[in-house]
Amino acid sequence: MATRLDEIADRIYAISTFVPQIGPRGFGFNQLLVDAEEPLLFHCGMRALFPAVREAVARVMPPERLRWIGFSHVEADECGSMNAWLAAAPRATVVQGQVGCMVSINDLADRPPRALADGEGLDLGGRRVRLFATPQVPHNWEAVVLFEEETQTLLAGDLLASDGEGPAVTTADVSEHVLESERMFRAHALPPGAGATLARLAALRPRTMASMHGSAFQGDCAAVLRRIGAGLEELAAELRRGAACDDPSGKEGDAAPPAP
């Protein structure tokens with residue numbers, strides 16, 4: 001496994017490790033580093049990746065300079081090395097949403113986290129990010145994303161997850177690849193209203209969207225988010241129709257509530 005470092009927006013870096021053994025085309029894991037007076041690492045990576053990610057961070061800044069450590073939700077690839085980073089960066093604090101801090105991070109983190117409300121901003125010194133709660137989108141109650149306001153970069157977590165190995169940044173529409181990967185892995189919770197959650201993020205009109213898995217996208221991000229949202233709503237409707245057909249009672253209304 002090789003770990004690469006790419007600047008995907010002004011002073012925002014993707015630290016990417018590709019694992020060819022996962023799935024038919026391999027799967028990548030990205031950590032996102034925002035270089036500011038109070039630097040932020042979004043996604044910690046799994047514990048096994050910590051040495052490689054730390055070395056990549058050191059190519060930009062001393063790792064002990066990190067002030068903030070964030071992630072979308074509680075999962076090994078998102079926060080497995082959280083406490084290793086807290087030990088490596090003595091001034092660092094974990095930042096996450098109120099739900100994530102309440103249900104998991106207050107207990108899991110070696111130092112108390114900073115909980116942000118939905119829509120609340122965090123000043124990084126020369127940069128500012130805002131947190132947006134996206135519960136169950138793509139999955140987990142505590143799911144959040146961050147929006148960096150100066151470069152208008154959406155740190156999108158798993159929302160744009162796709163398999164295979166691509167460039168650090170692409171301008172090609174990623175929506176169909178994202179939906180194809182979802183059909184393969186079935187990672188999304190597909191709650192009612194997933195499309196509305198993505199439409200809320202589309203209203204931010206990001207210039208760049210950085211994914212936990214796969215290439216960052218630059219272009220009409222709002223349109224891509226809306227297309228992915230519509231595709232997820234269609235997948236959810238297909239699953240509800242399938243559940244209704246499989247219901248031995250034949251009571252379609254009980255098995256599958258109508259789509260919103």
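Predicted model, so just to flag it, every value in this text is computed and none were measured.
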Ignoring hydrogens, what is the shortest heavy-atom contact between Leu131 and Ala117? Give both atom names and the distance. CD2-O, 3.8 Å
Is it possible for you to say whether Val178 and Leu201 belong to one hydrophobic cluster, with membership spreading through side-chain heavy-atom contacts below 4.5 Å? yes
Expected output: side-chain Ser72 to main-chain Val144 donor-acceptor under 3.5 Å: yes
Would Asp163 and His177 count as a side-chain contact (heavy atoms from CB on, under 4.5 Å) here? Give the steps. CA-CA 8 Å; Asp163 71 328; His177 191 184; 3.0 Å; yes
What I want to find out is whether Arg127 reaches Glu148 closely enough, with some N-O distance under 4.0 Å, to be called a salt bridge. yes
Applying a strict under-4.5 Å side-chain criterion to I, L, V, M, F, W and Y, I'd like to know whether Leu108 and Met102 cluster together. no
Sidechain-backbone polar pair: Asp35 side chain, Arg11 backbone, donor-acceptor under 3.5 Å: no
With Val145, which of Thr197, Leu159, Leu155, Val137 fulfils side-chain contact (heavy atoms from CB on, under 4.5 Å)? Leu159
Derivation of the side-chain contact (heavy atoms from CB on, under 4.5 Å) call for Trp85 and Asp110: CA-CA 10 Å; Trp85 279 107; Asp110 284 346; over 6 Å; no
Write down the atom of Gly121, the atom of Leu116, and the distance for their closest heavy-atom approach. O-CD2, 4.3 Å
For the residue pair Leu122 and Arg114, what are the closest heavy atoms and their distance? CD1-NH1, 3.6 Å
Tell me, with the steps shown, if Leu232 and Glu182 meet side-chain contact (heavy atoms from CB on, under 4.5 Å). CA-CA 9 Å; Leu232 293 177; Glu182 169 56 22; 4.2 Å; yes
Applying a strict under-4.5 Å side-chain criterion to I, L, V, M, F, W and Y, I'd like to know whether Leu33 and Met212 cluster together. yes
Report the C-alpha distance between Val224 and Phe217 in whole Å, list the side-chain angles of each, state the deciding distance to 0.1 Å, and finish with yes or no for side-chain contact (heavy atoms from CB on, under 4.5 Å). CA-CA 9 Å; Val224 167; Phe217 173 75; 3.7 Å; yes
Validation row: Ser162, His213 side chains within 4.5 angstrom (heavy atoms): no
One thing to verify: whether Asp220 and Arg207 come together as a salt bridge, which I'm taking to mean a side-chain N less than 4.0 angstrom from a carboxylate O. no
N/O donor-acceptor pair under 3.5 Å between Arg54 side chain and Pro63 backbone: no
Is it the case that the side chain of Ser215 and the backbone of Thr170 share a donor-acceptor pair, with hydrogens and angles ignored and the cut-off at 3.5 Å? no
What pair of heavy atoms forms the shortest contact from Ala133 to Pro135, and how long is it? C-CD, 3.4 Å
Does a donor on one side chain sit under 3.5 Å from an acceptor on the other, for Ser16 and Asn30? yes
Measure the spacing between CD1 of Ile228 and CD of Glu233 and express it to the nearest 0.5 Å. 13.0 Å
Just jot down the salt bridge (Lys or Arg N to Asp or Glu O under 4.0 Å) partners of Arg183, sequence neighbours excluded, or say none. Glu176
About how many Å separate CG of Leu49 and OG1 of Thr17, when rounded to the nearest 0.5 Å? 5.0 Å
Taking NZ, NE, NH1 and NH2 as the nitrogens, is one of them in Arg130 or Glu120 under 4.0 Å from a carboxylate oxygen of the other? no
Side chains of Gln218 and Thr208: is there a donor and an acceptor less than 3.5 Å apart? yes
CG/Leu86 to CE/Met82 distance, rounded to the nearest 0.5 angstrom? 6.5 Å
Please round to the nearest 0.5 Å and tell me the distance separating atom CD1 of Ile69 and atom OG1 of Thr93. 8.0 Å
Kindly determine whether Arg25 and Glu180 satisfy salt bridge (charged side-chain N to carboxylate O under 4.0 Å, His left out), including the steps that lead there. CA-CA 12 Å; Arg25 294 176 293 208; Glu180 178 190 2; 3.3 Å; yes
By the definition side chain to side chain donor-acceptor pair (under 3.5 Å), identify the one residue from His139, Gln136, Gln96 that meets it with His73. His139
Give a yes or no answer on whether the side chain of Ser81 reaches the backbone of Gly45 with a donor-acceptor pair at less than 3.5 Å. yes
CZ/Arg128: more than 12 non-hydrogen atoms of other groups inside 6.0 Å: yes
Are the side chain of Asn140 and the backbone of Glu142 linked by a donor-acceptor contact shorter than 3.5 Å? no
Side-chain heavy atoms under 4.5 angstrom apart, residues restricted to Ile, Leu, Val, Met, Phe, Trp, Tyr: same cluster for Val95 and Met61? no
Give the minimum heavy-atom separation between Cys44 and Phe71, together with the two atoms involved. SG-CD2, 4.2 Å
Would you say that Leu225 contacts Leu154 through its side chain, given a criterion of any heavy-atom pair below 4.5 Å between the two side chains? yes
Quick one: list whatever passes salt bridge (Lys or Arg N to Asp or Glu O under 4.0 Å) with Arg67, sequence neighbours left out. none
Centroid separation under 6.0 Å, is that true for the rings of Phe42 and Trp68? no
Starting at OG1 of Thr3, measure out to CD1 of Ile15 and round the result to the nearest 0.5 Å. 8.5 Å
Taking C-beta and beyond as the side chain, do Val169 and Asp6 meet within less than 4.5 Å on heavy atoms? no
Against Leu32, only a single residue in Leu41, Leu40, Leu146, Ile8 fulfils side-chain contact (heavy atoms from CB on, under 4.5 Å); can you say which? Ile8
With the threshold set at 4.0 Å, does a side-chain nitrogen-carboxylate oxygen contact exist between Asp77 and Arg47? no
Minimum heavy-atom separation for Gln152 and Arg205, please, with both atom names. NE2-O, 3.6 Å
Would you mind reporting whether Met184 and Pro24 have side-chain heavy atoms less than 4.5 Å apart? yes
Answer whether the closest heavy-atom distance between the side chains of Asp118 and Phe132 falls below 4.5 Å. yes
Between CE on residue Met209 and CG on residue Leu204, distance to nearest 0.5 Å: 11.0 Å
Following the transitive rule for hydrophobic clusters with a side-chain heavy-atom cut-off under 4.5 Å over Ile, Leu, Val, Met, Phe, Trp and Tyr, establish whether Val94 and Val74 coincide in one cluster. yes
For Phe18 and Phe29, I'd like to know if the aromatic rings sit close, meaning centre-to-centre distance below 6.0 Å. no
